[in-house]
Amino acid sequence: MLKLRNALQHRLLEATTQAFPLADVVVDFPLSPATKPEFGDFQANGAMGLAKVLGRPPRRIAQAVVDQLHVDDLCHPPQVAGPGFINFTVRAEVLAAEVEARLDQPRLGVPTAQPQQRVVVDFSSPNIAKEMHVGHLRSTVIGDCIARLLSFLGHRVVRLNHLGDWGTQFGMLIAHLKHMAPRSLSGEERVELGDLVAFYRQAKERFDEDEAFQEQSRREVVNLQAGEPESLRAWQLLCQQSRKAFQAIYDRLDVHLVERGESFYNQALPGVVEDLEQARLLVVDDGARCVFLEGMTAKDGQPLPLIVQKRDGGYNYATTDLAAIRQRLASPDAGGEGAERVVYVTDAGQSNHFAAVFQVAQRAGWVPKGCRLQHVPFGLVQGADGKKLKTRSGATVRLQDLLDEAVDRARRDLVERMAQEQRQNEEDFIAHVAETVGIAAVKYADLSQNRTTNYQFNFDRMLSLQGNTAPYLLYAYVRIQGIARQGGSLVAAAPGAICLQAPQELNLARQLLNFDEVILEMEQDLLPNRLCSYLFGLSQTFNRFYDQLPVLKAPEPSRATRLALCRLSARTMNLGLALLGIKTLDRM
RNA sequence: GGGCAUGUAGCUCAGUUGGAUAGAGCGUCAGAUUCCGGUUCUGAAAGCCGAGGGUUCGAAUCCUUCCAUGCCCGCCA
């Protein structure tokens with residue numbers, strides 16, 4: 001409806017200037033989508049605002065504007081309602097023409113962004129030698145969705161996995177590896193570390209108990225940073241092992257990332273501190289080198305420092321994040337990424353940190369004009385008790401276990417339903433459906449909630465076949481495919497064949513045509529739940545349509561019209577879900 | 001103590017630049033089936049939008065004070 005809205009907005013402004021040719025009044029008369037279906041398709045609320053300026057009753061103003069409006073080709077006569085709203089209802093023939101035009105548009109009416117930018121989306125970011133857990137779920141799912149959206153809009157998107165692959169804890173791990181599997185380092189023996197979490201735990205235990213081991217661990221950190229070959233090899237071995245585990249999960253989630261761990265910026269860290277020194281931002285405080293932040297205070301009301309080099313000379317995460325910003329925003333000739341926008345998808349707890357780091361980057365002059373650094377925060381994943389999600393024994397929930405359970409449950413549901421319906425299906429089918437539904441349910445549950453709030457994780461709810469869930473949406477899609485299987489061609493409609501008559505047809509057409517508005521809205525604030533609630537509403541409208549009107553058995557021209565609506569519904573669902581990172585099924 | 005969030009129906013949550021009578025889903029209760037997959041559809045009950053004050057034609061939305069909850073606050077990320 002974007003095109004229609006723009007056209008109407010244009011005419012509305014013309015009518016307003018005709019009605020009130022006052023040079024000194026800036027006439028702003030915005031047209032927005034109607035807040036309720038009974039108000040039509042669009043509404044204009046400008047009359048109330050102008051009432052004071054013009055010193056006339058708002059309804060009279062609205063009527064004066066309507067009198068100058070020429071929109072007969074697009075709408076029914078606009079209605080003045082309430083205190084002075086103007087309501088517009090688009091003509092059925094116009095809707096039909098829009099539906100027909102959209103049937104063959106690959107982008108379903110969504111324009112590409114102008115200008116197209118180079119965007120870095122930084123998300124997921126697990127730590128080497130630790131397992132991915134619920135904490136990584138939201139970043140991975142939301143980040144992937146945002147990256148998909150921005151690429152769809154035509155931006156050149158680089159999806160970076162800022163892996164925790166460097167730092168003091170590696171000394172401990174390397175030292176432990178050297179004890180456990182010394183021959184693996186020389187390549188004489190292939191080592192399978194197996195459960196890296198257990199390995200990490202062992203190393204940590206030993207570190208806490210054994211003083212000699214502590215000393216050795218510290219030496220390994222120094223060795224690693226100095227590039228000592230054997231320590232480096234141990235480090236690589238650990239990274240490789242983790243990478244395999246991560247990749248298995250990314251494959252399952254259909255999430256693609258470019259690995260760009262913290263170690264990538266290691267060489268740049270001294271330069272970052274030098275730059276800050278050059279920019280006269282650096283202050284030595286209590287032996288640490290830091291930048292004092294503007295507008296941020298610590299507990300005692302003193303200015304808050306961002307430490308970039310510790311007392312012992314080591315660097316910390318703030319330094320790495322600064323190095324990353326500098327590299328991402330630098331031009332490609334300077335070895336940079338040339339990004340015009342960098343989006344960080346991390347939990348809301350890091351808001352302060354990013355505000356600090358962005359401020360320092362800004363003051364250091366690393367952010368070129370027109371470039372934008374953006375933290376996209378999200379809330380915690382909580383259990384049914386409203387507290388941070390844990391297993392029954394109190395441990396962190398492994399992401400792999402969480403996905404397994406979702407798929408298991410989806411499978412049990414499916415098998416039970418098949419028994420009830422006396423349906424026979426191949427094992428391949430069952431496995432594929434269970435996997436798709438399970439993963440979709442987990443993703444959708446996360447995305448369908450406003451990301452800024454904490455989110456209560458609940459298997460029963462997300463896998464339910466009713467309500468705002470992935471299975472409900474997938475089922476609506478499956479129904480359309482069912483029509484196709486029964487002989488309804490969703491391939492094409494004859495030109496001019498669409499004739500919208502029944503209210504269910506008109507409702508569905510309107511909903512379908514709103515897709516473009518929703519995508520642009522989602523782009524504005526990067527809230528995937530906007531798209532989710534749209535797709536849920538579309539599924540509901542479709543189910544009503546499907547329930548109340550026959551498609552295949554309908555006489556012409558209804559049959560062709562309804563098939564066209566089915567086709568556009570399927571395409572819209574498919575594209576919408578794809579932007580969420582969710583795959584559709586033809587049968588389930 | 002400071003900062004950032006959050007507070008809307010029994011539960012889980014939407015609510016667009018301030019717009020019309022406050023919106024879903026689940027649950028509850030009452031209905032629908034000659035139909036392309038009933039995993040559906042129709043309807044009902046359910047609200048002091050945390051509390052007070054302010055801004056204006058108009059506030060869940062903006063400002064302010066307070067209350068409650070969560071997260072963060074110097075060398076971990």
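Letters go in sequence order (proteins before strands), and every chain restarts at 1.
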Which atom pairs, one a donor and one an acceptor, fall under 3.5 Å between side chains of residues 43-50 of chain A and the rest of the protein, sequence neighbours left out?
| residue | atom | partner | partner atom | Å |
| --- | --- | --- | --- | --- |
| A:Q43 | OE1 | A:T35 | N | 3.3 |
| A:Q43 | OE1 | A:T35 | OG1 | 3.4 |
| A:Q43 | NE2 | A:N45 | OD1 | 3.4 |

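- Distance A:L322 CG to B:A77 P: 12 Å, rounded to the nearest Å.
- A side-chain N or O of A:R363 and one of A:Q359 form a donor-acceptor pair less than 3.5 Å apart.
- Side-chain N/O atoms of A:D446 and A:Q449 include no donor and acceptor closer than 3.5 Å.
- Distance, A:R60 CZ to B:C57 P: 19 Å, rounded to whole Å.
- You'll find that the side chain of A:K553 is closest to B:C35, out of B:C35, B:U39, B:U40.
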Would you list the protein and nucleotides 22-29 of chain B atom pairs, both N or O, that sit under 3.5 Å from each other?
| residue | atom | partner | partner atom | Å |
| --- | --- | --- | --- | --- |
| B:G23 | OP1 | A:K36 | NZ | 2.7 |
| B:G25 | OP1 | A:Q540 | NE2 | 3.4 |

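- The nearest heavy atom of RNA chain B to A:P471 and to A:N450 marks one nucleotide each, and the one closer to the 5' end goes with A:N450.
- Base-pair partner of B:C4: B:G70 (Watson-Crick or G-U wobble, both distances under 3.5 Å).
- Rounded to whole angstrom, the span from the CZ atom of A:F378 across to the P atom of B:A5 amounts to 17 Å.
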Every protein N/O within reach of nucleotides 69-72 of chain B N/O, cut-off under 3.5 Å:
| residue | atom | partner | partner atom | Å |
| --- | --- | --- | --- | --- |
| B:C72 | O2' | A:N352 | ND2 | 3.3 |
| B:C72 | O2 | A:N352 | ND2 | 3.3 |

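- One interatomic measurement links the two molecules: CG of A:N316 to C1' of B:G74, which rounds to 9 Å at whole-angstrom precision.
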